[in-house]
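Have a look at the structure below before the remarks.
Chain letters run A, B, ... following the sequence lines, proteins first, then strands; residues in each count from 1.
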Protein chains: 2
Amino acid sequence: MNTKNKILQVALALYNQEGIRSVTTRHIATTMGISAGNLHYHFKHTEDIILALFEQLTAAYDTIVQNLSEHPVLNLAELEAYIDSSFYLIEQYRFIFINFVELGSWIPSIRESYQKLVSKREQEFSRLFTNLVNANVFRSDIAPALLNSLVRQLFLISDFWISSNELTAQLRGEEALLIYRQDILSIFTPYLQ
Amino acid sequence: MNTKNKILQVALALYNQEGIRSVTTRHIATTMGISAGNLHYHFKHTEDIILALFEQLTAAYDTIVQNLSEHPVLNLAELEAYIDSSFYLIEQYRFIFINFVELGSWIPSIRESYQKLVSKREQEFSRLFTNLVNANVFRSDIAPALLNSLVRQLFLISDFWISSNELTAQLRGEEALLIYRQDILSIFTPYLQ
DNA sequence: TCAAATTTAGAACAAATGTTCTAAATTTGA
DNA sequence: TCAAATTTAGAACATTTGTTCTAAATTTGA
């Protein structure tokens with residue numbers, strides 16, 4: 001692996017573990033055994049590292065979405081599988097979700113990029129939902145206004161469940177996934193066929 | 001108003017506007033027209049300022065809860081009024097909610113204090129819910145496990161709606177309140193009598 | 001093979017930041 | 001009223017941090 005990618009890898013691990021507040025470029029450099037000067041040869045500014053990590057996240061999300069359009073969700077088991085894969089992705093880049101607002105105002109292109117991510121997810125969710133209505137998994141009489149609220153709730157839980165968990169139960173790994181999945185599914189529960 | 005309180009007032013406004021990343025003690029001092037030395041005479045460490053603001057938040061929340069136990073919620077209009085008051089409080093201390101995880105790991109007593117806040121809210125919600133079931137507003141056949149999920153959802157939306165809004169719609173004031181209220185109420189919608 | 005391009009280490013710099021120190025100004029209260 | 005307590009300003013300090021600079025080491029590719 002080349003130095004540039006290793007910087008991103010170590011930076012991600014440190015940001016996730018220690019939080020963006022306490023991780024510095026020197027910190028990243030010494031952890032991976034290179035000089036700070038070398039790190040800044042590869043990434044001129046700290047923001048460039050964070051932006052690159054954010055772009056990794058959106059790229060990974062694109063892959064999930066592409067998979068989803070090739071293999072549509074048709075039942076609850078497949079819905080759970082999709083929920084799980086989104087959980088793992090969010091957990092992998094947890095520092096981004098934990099500092100989303102701060103990062104968004106610090107690095108404006110992150111906010112812009114997030115807007116695009118949201119609209120991509122909205123389309124994807126709308127398709128997913130139509131499929132599940134057609135497959136007689138969901139009821140077909142849900143008002144559009146209510147559906148909008150459900151979509152917002154779904155995104156809010158997806159993006160901030162990790163933060164909430166960090167402050168309260170601090171569940172990890174499989175245990176966290178179980179509750180996360182349950183919380184997401186409970187949005188749908190009342191609207192099952 | 002004495003200097004100590006004015007420091008808290010100015011610090012709150014700055015943290016809310018500029019974010020904790022870019023606000024320094026010097027910044028706070030010059031904004032209110034005093035010296036940095038003077039500020040540090042009143043608050044030895046930056047954490048002391050943030051902790052004091054957090055304690056203001058929990059105190060204000062206690063007042064709401066006390067009001068709630070004196071005047072129980074018995075119908076949807078009263079539920080909305082309660083939702084509104086919690087919204088205003090959260091908006092007033094928005095920087096705390098936006099940086100909750102980061103603050104929790106930086107200042108451990110904030111995390112501990114938040115745990116207490118959560119259990120206080122759990123009790124309060126449970127009482128509120130019982131009242132609304134007894135008043136025939138809510139259905140009485142909701143499984144305890146589902147109720148737990150609903151409580152978690154309620155808290156998650158309460159605490160992170162501001163963050164989510166900041167990244168997407170960026171609604172302000174009355175407009176924000178309307179959507180916030182709708183999102184909270186939509187959790188209950190399927191369980192109305 | 002060897003010159004050009006690249007990567008790297010480490011010193012150095014400037015700015016920022018939290019905090020302390022000192023001495024003056026102001027307030028308090030007996 | 002005046003001595004003691006308090007508040008305040010501003011200089012000063014140590015540390016940190018992001019970043020740049022320089023020169024050496026390494027890699028590349030013709």
Side-chain angles (χ1 to χ4, degrees), chain A residues 1-56 95-96 98-99 102-111, chain B residues 1-56 95-96 98-99 102-111:
Chain A
M1 182 182 287
N2 63 24
T3 309
K4 199 158 184 170
N5 282 328
K6 193 159 187 199
I7 290 171
L8 291 177
Q9 186 195 328
V10 171
L12 177 61
L14 285 178
Y15 282 136
N16 280 342
Q17 279 159 33
E18 330 256 341
I20 54 167
R21 190 179 192 81
S22 38
V23 174
T24 66
T25 50
R26 271 189 181 75
H27 195 163
I28 296 167
T30 54
T31 300
M32 59 185 287
I34 65 168
S35 66
N38 191 9
L39 183 142
H40 277 281
Y41 167 76
H42 290 285
F43 293 96
K44 204 154 205 215
H45 305 281
T46 311
E47 298 104 270
D48 300 335
I49 297 176
I50 291 175
L51 193 56
L53 288 172
F54 184 76
E55 276 158 9
Q56 284 186 358
F95 89 92
I96 290 178
I98 284 171
N99 302 282
E102 200 77 18
L103 291 178
S105 70
W106 179 22
I107 306 167
S109 53
I110 283 189
R111 247 204 77 227
Chain B
M1 183 183 289
N2 63 23
T3 309
K4 199 158 185 171
N5 283 328
K6 193 160 187 199
I7 290 171
L8 291 177
Q9 186 195 328
V10 172
L12 177 61
L14 285 179
Y15 283 136
N16 281 341
Q17 279 159 32
E18 330 256 340
I20 54 166
R21 189 178 192 82
S22 39
V23 174
T24 66
T25 50
R26 271 187 180 76
H27 194 163
I28 297 166
T30 54
T31 299
M32 59 184 288
I34 66 167
S35 66
N38 191 9
L39 182 142
H40 279 280
Y41 167 76
H42 289 285
F43 294 95
K44 204 155 205 214
H45 305 280
T46 312
E47 299 104 270
D48 300 335
I49 297 176
I50 291 174
L51 193 56
L53 288 172
F54 185 75
E55 275 158 8
Q56 284 187 358
F95 89 93
I96 291 179
I98 283 171
N99 302 281
E102 199 77 18
L103 291 178
S105 70
W106 178 23
I107 306 167
S109 53
I110 283 190
R111 245 204 79 227

Original post:
Can you list, by residue number, the residues of residues 32-55 of chain B that have a non-hydrogen atom closer than 4.0 angstrom to DNA chain D?
Top reply: B:Gly33, B:Ile34, B:Ser35, B:Gly37, B:Asn38, B:Tyr41, B:His42
**OP:** Can you measure from CD1 (B:Ile20) to CD1 (B:Ile50) and round to the nearest 0.5 angstrom?
**Re:** 6.0 Å
**OP:** If C:dA24 has a Watson-Crick or G-U wobble mate with both distances under 3.5 Å, name it; if not, just say none.
**Re:** D:dT7
**OP:** Output, in order, the C-alpha distance, side-chain angles, deciding distance and verdict of side chain to side chain contact (heavy atoms under 4.5 Å, CB included) for A:Phe95 and A:Leu14.
**Re:** CA-CA 9 Å; A:Phe95 89 92; A:Leu14 285 178; over 6 Å; no
Subject >> Whether B:Asn16 side chain and B:Ala13 backbone form a donor-acceptor pair below 3.5 Å >> reply: no
**OP:** Could you check how far CZ of B:Arg26 sits from C1' of D:dA9, rounded to whole Å?
**Re:** 13 Å
Original post:
Got a second to check how far A:Asn2's CG is from A:Lys4's NZ, nearest 0.5 Å?
Top reply: 8.5 Å
Subject >> DNA chain D contacts made by residues 10-21 of chain A, counting heavy atoms under 4.0 Å >> reply: none
**OP:** Please test A:Thr25 against A:Phe43 for side chain to side chain contact (heavy atoms under 4.5 Å, CB included), starting from the C-alpha separation and ending with a verdict.
**Re:** CA-CA 10 Å; A:Thr25 50; A:Phe43 293 96; over 6 Å; no
Original post:
CD1 of B:Ile28 versus P of C:dA16: gap in Å, rounded?
Top reply: 17 Å
**OP:** Determine which nucleotide pairs with C:dG29, using a 3.5 Å limit on both distances of a Watson-Crick or G-U wobble pair.
**Re:** D:dC2
Subject >> Working for side chain to side chain contact (heavy atoms under 4.5 Å, CB included), residues B:Ile110 and B:Ile96 >> reply: CA-CA 10 Å; B:Ile110 283 190; B:Ile96 291 179; 5.8 Å; no
Original post:
Do A:Leu53 and A:Gln56 come close enough that some side-chain heavy atom pair is under 4.5 Å?
Top reply: yes
Subject >> Intermediate values then yes/no, side chain to side chain contact (heavy atoms under 4.5 Å, CB included), B:Asn99 and B:Tyr15 >> reply: CA-CA 10 Å; B:Asn99 302 281; B:Tyr15 283 136; over 6 Å; no
Original post:
Paired with D:dG18: which nucleotide, if any, by Watson-Crick or G-U wobble criteria at under 3.5 Å for both distances?
Top reply: C:dC13
